[in-house]
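A short worksheet on the structure shown next.
Within every chain, numbering begins at 1; the chains are lettered A, B, ... in the order of the sequence lines, protein sequences first and strands thereafter. Since the structure is predicted, the reported quantities are computational estimates derived from the model, not experimental observations.
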Amino acid sequence: MSASSVDLETLRHSTAHLMAAAVCELFPGAEYGIGPSIEDGFYYDFLLPGGTHFSDEDLPAIEARMHEIQGRHSQYQRSELARAEALLEFRRLGQRFKVDLIERIPEGEVISCYRTGDFFDLCRGPHVPETGAIPAFKLLHTAGAYWHGDETQPMLQRIYGTAWNSQAELDLYLERLEMARKRDHRRLGRELDLFSLSDELGGGLVLWHPNGATVRTVIEDHWRREHRRRGYQLVYTPHVAREQLWETSGHLGFFADEMYGPMEVEGERYRIKPMSCPFHILIFSSRRRSYRELPMRLAELASVYRFQRSGTLHGLLRVRGFTQDDAHIFCAPDQAEAEVAGVLDMVQEMMARFGFNQVEIDLSTKPAKAAGQDEMWELAEAALERAIQTRGLDFKLNPGEGAFYGPKIDVHIRDAMGRRWQCATIQFDFNEPERFGLEFIGADGLAHRPMMVHRTLLGSMERFFGVLLEHYGGALPLWLSPVQVQLITVSDDQLDYALGVAARLEQAGFRAEVPDRPGERMQAKIRDGELAKVPYLGVIGKREVEAGTVNLRSTREGEQVVLGIDQLIERLRLEAAQS
RNA sequence: GCCGACGUAGCUCAGUGGUAGAGCAGCGGUUUCGUAAACCGCUGGCCGGGAGUUCGAAUCUCCCCGUCGGCUCCA
């Protein structure tokens, strides 16, 4: 037990060393890669000798050895080595990954190492003073990981663990993990009968059940309304197109790996669409465009299909068929900044409406290999950055991480397990307008090339719905709930009255239902309503029928009030507008 | 795709070489009840698929498929 709290990053990194020390003792000859601290914990990558692997069952033994080493109170001893010395030492130890790392360290930089008992590691530090100074840790699971994340490199085995300043904090964290598992969207999807995935259907393809479809419709209706309000024009485009179109757009050149194979129709090859941009471009170029028509904002809820490797599929968050809330903005260069700003405002508004007040913004700029002229890149990057800054938003700059065809802003939100998922993206494209020879006639009577922006706000209906479910733990706000009110009768005698109330609520625009379970006890129906996370349960017995009221139980606040039907409608209206 | 784990009824899970089980759900009946589970009964399984070992396999071995945790990639 340490009284003073150690910086968590240091603590976790030191725990990673402790774990590596234990692994090296238990598996002599193990090679080790990197072992950083990460959010909520740490990991270390290993390659065991003789092609052996450890599994989750080895973790308790490793943990036990870690505790044993802690008992020895080994110091974390720092030393600085000359480059040649370090290379020699790690070659002697047979640690090829460390040798690789040293070779990547720029000349002239200090090479520091840490020794903990017999364990010797290349490491920048800092560390806790000794192994006993780690109050609480736990190993969590193993995973495969390529060296340098490169699939041409050997695959190492990674052990993930977590470490905290006290047992209580560790317990709290483990509890948090358990809570997160409970609000996993895949579990909620089944429990609330929202969607399913089926082996018979095929991987990464989603079946939206009636409840899920209801929520999606509400989201889509809201989305369309907002887009019309902000000067977007809604369009529809097909699901397939001639292969030639994908040649022209360049997708077959740089995106073919993610596209499904061709199908032949009357000797002509067609492809299922992985993106909508070429279609929207064809709409733009279907006739001569004037500068007066710019900016032209074309939006569509577009279902696309992309091949994803089987190991990457994940519930609704990573699928093969999904519906993007896609839009393409064609504008003049001097309109670019205002357009980006408009999109950013829209992202924030949209996210806030769905309860996401914290988003993470990344700005990715020009990579080494890039299409388009430098001044276009500069203009676009400046537009993106200024739009972020004038809104007072934080962002992370990723230099050189942009696509080859343009810089971009990505917006991430997090799932229940803390994993980051990209949703909104605002992406300039200097490539496609060029390839399709897009132009508009300017005030000067001459043809000019428009700038083009791809953007999505929610990302895809599937992913957004998944993250949304986890965000609310399945208890969606009133306006999104598939069933907003259930009317529960004390006995079957009140069924007619309940159906009448339901009809009035439906008429007022709410989704209300009367559970069809003759003879079932009220308590059972209440329990079902609670488990289904229906926001309001209107209990109706003799008293309510006589008084023309409903005894409203809020499943969220646990509150209970008697309301007349008009009052009930008024209350629902108010809440639906706000939440 | 790669590394590891897992796959038993619709769901959650028990069953480690000797006749496939429980709870919930579903169905049938009885019950008409005041804020989180009424009672009784019934149905339901090629134990993911295939091959092998064995007198005998849910159980042991191999291959395949799928799922999960990661790696890479991405909305």
Scan nucleotides 3-9 of chain B against the protein and return all N/O pairs shorter than 3.5 Å with their distances rounded to 0.1 Å.
{"residue": "B:rC3", "atom": "O2'", "partner": "A:Gln157", "partner atom": "NE2", "Å": "3.3"}
{"residue": "B:rC3", "atom": "O2", "partner": "A:Gly144", "partner atom": "N", "Å": "2.9"}

So, under a plain 3.5 Å distance rule, would you say the side chain of A:Tyr146 forms a donor-acceptor pair with the base of B:rG1? yes

Any protein N or O atoms within reach of nucleotides 45-50 of chain B? Criterion: under 3.5 Å, listing atom names and distances.
none

Against the side chain of A:Arg527, the closest entry in B:rA37, B:rG69, B:rG34 is B:rA37

Mind listing the N/O atom pairs, protein and nucleotides 30-33 of chain B, below 3.5 Å?
{"residue": "B:rU31", "atom": "N3", "partner": "A:Gly519", "partner atom": "O", "Å": "3.4"}
{"residue": "B:rU32", "atom": "O2", "partner": "A:Asp492", "partner atom": "N", "Å": "2.9"}
{"residue": "B:rU32", "atom": "N3", "partner": "A:Asp492", "partner atom": "OD2", "Å": "2.9"}
{"residue": "B:rU32", "atom": "O4", "partner": "A:Asp492", "partner atom": "OD2", "Å": "3.3"}
{"residue": "B:rC33", "atom": "N4", "partner": "A:Gly519", "partner atom": "O", "Å": "2.4"}

For A:Lys542, the side chain to side chain contact (heavy atoms under 4.5 Å, CB included) test, sequence neighbours excluded, returns A:Gln494

Item to complete: Give a yes or no on whether the ring-centroid distance for A:Trp246 and A:Phe255 is below 6.0 angstrom.
Response: no

For A:Leu207, the side chain to side chain contact (heavy atoms under 4.5 Å, CB included) test, sequence neighbours excluded, returns A:Ser196, A:Ser198, A:Leu201, A:His209

Would you indicate what A:Val319 reaches in the nucleic acid, counting non-hydrogen atoms under 4.0 angstrom: base, sugar-phosphate, or nothing?
base

Counting distance only, does the side-chain N/O of A:Arg455 pair as donor-acceptor with the main-chain N or O of A:Thr425 below 3.5 Å? no

Exercise. Does A:Arg463 make a side-chain donor-acceptor contact with the base of B:rC74, cut-off 3.5 Å?
Worked result: yes

Residues at least two apart in sequence or cross-chain that pass ring pair (Phe, Tyr, Trp, His ring centres under 6.0 Å) with A:His239, listed by chain then number, are none

